[in-house]
Peer 1: 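Have a look at this one before I ask anything.
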Number of protein chains: 2
Amino acid sequence: MRSRIKKAEILKIIAHPVRIQILEELEKGVKCVSDFEESIEASQPNVSQHLGLLRRCGFIDYYMDGRLRCYFLVDPMVPDLLKILRKEYKDSLPAPACCPVTKKGTYPGNRRR
Amino acid sequence: MRSRIKKAEILKIIAHPVRIQILEELEKGVKCVSDFEESIEASQPNVSQHLGLLRRCGFIDYYMDGRLRCYFLVDPMVPDLLKILRKEYKDSLPAPACCPVTKKGTYPGNRRR
DNA sequence: TGCATATATTATTATATTATTATATAAGCG
DNA sequence: CGCTTATATAATAATATAATAATATATGCA
């Protein structure tokens with residue numbers, strides 16, 4: 001059972017436009033840093049920093065191909081999360097059935113008083 | 001199609017232990033602020049700030065019950081995200097089949113030169 | 001061996017997030 | 001109406017994150 005702190009950390013690491021783009025591209029296959037530099041609007045050191053962060057946190061890894069570092073996805077949670085972010089939700093969740101205004105249902109909270 | 005900036009914003013808002021706890025509790029049903037104060041290790045103003053943020057971003061909403069504000073989940077993406085965070089993944093993703101070291105497969109990146 | 005290429009690291013600055021403290025609002029009750 | 005309860009807002013201070021600029025490392029090739 002993951003702690004809430006851990007859950008928050010996971011989301012926090014992914015929650016950056018450049019890192020999301022990196023992960024989305026790695027979903028499609030292996031990429032080296034210069035591939036990213038073509039598609040991502042960020043400086044080389046900046047991309048490198050994002051890659052480093054994702055790697056230290058275990059989301060991605062790389063192998064060496066000559067002087068290229070070829071990155072690939074490691075964490076299976078990533079595609080699942082990206083998929084949810086892609087999904088278009090049409091409706092809001094149903095409003096609670098226990099609205100005290102209409103006096104229908106019961107309010108579930110334990111309230112002091 | 002959501003932009004990457006938007007995707008990052010969504011994750012960033014959720015990516016906080018207290019906000020995750022709020023959302024997890026709202027998954028189970030409506031709660032008023034004083035319910036949260038019992039379960040969450042944070043001051044009343046702090047909880048209120050997190051609730052305000054989640055509300056301004058459209059993840060939750062509330063109805064009034066006398067002087068209580070009863071919060072409930074609105075955004076259907078939230079339970080999906082929380083579910084992924086709960087999931088235990090046993091294995092890493094399969095390592096790429098196109099490793100140039102073994103000379104099997106082809107490296108998919110468009111590389112200059 | 002020395003140069004060019006590919007990528008990383010470090011330091012710095014700018015900006016955003018967070019918790020805390022103090023104060024405000026708003027509703028119901030006596 | 002004034003008090004109490006429930007909750008929010010605002011100001012501040014502490015901390016974390018991010019981008020930039022400058023520099024370093026490491027590999028292959030001539």
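A, B, ... follow the sequence lines: proteins, then strands. Residue 1 opens every chain. Hydrogens, waters and symmetry mates play no part in the numbers below; they use all other heavy atoms, side chains included. Quantities reported herein were computed from a predicted structural model and do not represent experimental measurements.
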Peer 1: Counting side-chain heavy atoms from CB outward, which of C/dA16, C/dA8, C/dA6 is closest to A/V33?
Peer 2: C/dA8

Peer 1: Report the distance from atom CD of A/Q21 to atom P of D/dA18, rounded to the nearest whole Å.
Peer 2: 16 Å

Peer 1: Starting at CZ of A/F36 and ending at C1' of C/dA6, how long is that distance when rounded to a whole Å?
Peer 2: 14 Å

Peer 1: Between the protein and nucleotides 23-30 of chain D, list every N/O to N/O distance that falls short of 3.5 Å.
Peer 2:
none

Peer 1: Any base atoms under 4.0 Å from B/R19, or only sugar-phosphate, or nothing? Heavy atoms, all strands.
Peer 2: sugar-phosphate

Peer 1: Identify which nucleotide among D/dA19, D/dA8, D/dA6 has an atom closest to any side-chain atom of B/L68, counting heavy atoms from C-beta outward.
Peer 2: D/dA6

Peer 1: Side chain of A/R69: nearest nucleotide among C/dT7, C/dT20, D/dA8?
Peer 2: C/dT7

Peer 1: Decide yes or no on side chain to side chain contact (heavy atoms under 4.5 Å, CB included) for A/I22 and A/K31, but give the supporting numbers first.
Peer 2: CA-CA 9 Å; A/I22 288 172; A/K31 292 238 183 252; over 6 Å; no

Peer 1: Tell me the interatomic distance from B/L51, atom CG, to C/dA19, atom C1', rounded to whole angstroms.
Peer 2: 15 Å

Peer 1: Report yes or no: is there a donor-acceptor pair, N or O only, under 3.5 Å between the side chain of A/Q49 and the base of D/dT20?
Peer 2: yes

Peer 1: Return the nearest nucleotide to the side chain of B/S34; candidates are C/dA8, C/dT7, D/dT7.
Peer 2: D/dT7

Peer 1: Nearest to the side chain of A/N46 - D/dT20, D/dT7, C/dA8?
Peer 2: D/dT20

Peer 1: Could you check whether atom CD of B/E41 has more than 12 heavy atoms from other residues, nucleotides or ligands sitting under 6.0 Å from it?
Peer 2: no

Peer 1: Is a salt bridge present between B/E27 and B/R86, judged by a nitrogen-to-oxygen distance below 4.0 Å?
Peer 2: yes

Peer 1: Any salt bridge linking A/K7 with B/E24? Criterion: basic side-chain nitrogen under 4.0 Å from a carboxylate oxygen.
Peer 2: yes

Peer 1: Consider the side chain of A/K12, meaning its heavy atoms from C-beta on, and name the nucleotide among D/dA19, D/dT7, D/dT17 that approaches it most closely.
Peer 2: D/dT17

